[in-house]
Amino acid sequence: THLVYGGQRANEFAMRLAGATYEEVAKAGGGIVSSVRATREASEDELFALAAPRLQALLDEGVCAIEIKSGYGLALEHGRKQLRVARRLGRDLGVEVRTTFLGAHALPPEYAGRSSDYIALVCQQMLPALAAEGLVDAVDVFCERIGFSLAETEAVFKAAQGLGLPVKLHAEQLSDMGGARLAAAYGALSCDHVEHLSAEGIAAMKASGTVAVLLPGAYYFLRDTQLPPIQALRVAGVPMAWLTRSIAMVPTLVVAGIGIGVFVGGGLLRRWKRGRPDTWLYRQLQWRLALRYPALAAHAGGGPLITRRPL
């Protein structure tokens, strides 16, 4: 999960509805980098206060163990802050927490155009320091055109391997980079997203026992058009997990709820109106407003309501 972060990205939902792709949003300064700015500005206590209700909501639904990633600090002090909050959540809320260091989630603004320098920082300074502090249970990378290359991903995997830490990967979300095959070669615990996973990637994951983690909320929220190869994964016998609840699903559920409401409500109204004049519904609304809220009657185009009591 991405449970510990600051800020929100509500404005990006409007951009996506207007047709912007995830890559276009990211290049405009949104996406991961937007959350990085807000997370860096928040204190450790503030991040804990934001994350605790998110975790409590999951616990209320029966969750008894959770993985929490970093990935919105992209600097040693801020990555440490996220992972410390994750450990504190486990202690204070009494739940088993496994932490994942996701230092290679995106290129921070101060390293623009210098991805190799940033990966060197991740491998040589950030990961060793955080592992030494006992804050890291696994290591993750975002391998993608707007993330990190295969070579950069492998450099992080090698650093993790040297520290005895298991790896996982954000793989094939926007394109087939071959990340799943690389992750499988390192015995990855999981590959997340995998919308563009190839047959070769499926075979490699099957051989290594790597779990395919499907994220339908992210798929719909990003308005993606490429579904994960679920049937091929099933046929191959690749273990699958799917995320059913996340912050990404909130706008999706809001839109879906409005759509369902309009569909169901419209059907009911059509049945009630059948055989009645075209103005029936409008007059019903006027009447109910005037009955319950007389002050609004004039604004609804109606006059004073005349009622008669039975004799």
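Not measured: the values here are computed from a predicted model.
Taking each heavy atom of Glu152 and Ser115 in turn, the nearest pair found is OE2-OG, 2.7 Å. Nearest heavy atom pair, residue Phe48 against residue Leu93, reads CZ-CD1, 4.4 Å. Residue Pro239 comes nearest to Gly209 through the heavy atom pair CG-O, 4.1 Å, listed as atom of the first residue, atom of the second, then distance. For the residue pair Lys81 and Ala42, the shortest heavy atom distance occurs at NZ-O, 2.7 Å. Of all heavy-atom pairs spanning Val122 and Phe101, the tightest one is CG1-CE2, 3.7 Å. Scanning both residues, Ala180 and Leu197, for their nearest heavy atoms gives CB-CD1, 3.4 Å.
In this structure, the side chain of Thr100 does not engage the main chain of Ile68 through any donor-acceptor pair within 3.5 Å. Proximity of a side-chain donor or acceptor of Gln82 to a complementary backbone N or O of Gly71 within less than 3.5 Å is detected. No donor-acceptor pair under 3.5 Å is formed between the side chain of Ser190 and the backbone N or O of Val211.
Using cut-offs of 30° and 60° on the angle between ring planes, the pair Phe142 and His170 is perpendicular.
Separation of atoms CD (Glu12) and OG (Ser34) is listed at 5.0 Å; rounding is to 0.5 Å.
Other residues, nucleotides and ligands contribute only 12 or fewer heavy atoms inside 6.0 Å of the CZ atom of Arg84.
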Item to check | Verdict with reasoning, Arg87 to Asp92, per salt bridge (charged side-chain N to carboxylate O under 4.0 Å, His left out) | outcome: CA-CA 9 Å; Arg87 290 286 194 231; Asp92 289 10; over 6 Å; no

Checklist entry - Taking it one step at a time, do Trp242 and Leu215 satisfy side-chain contact (heavy atoms from CB on, under 4.5 Å)? => result CA-CA 6 Å; Trp242 67 301; Leu215 294 94; over 6 Å; no

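Here the side chains of Leu227 and Glu195 are not in contact, with every heavy-atom distance at 4.5 Å or above. Considering only heavy atoms from C-beta on, Lys158 comes within 4.5 Å of Tyr186 through its side chain.
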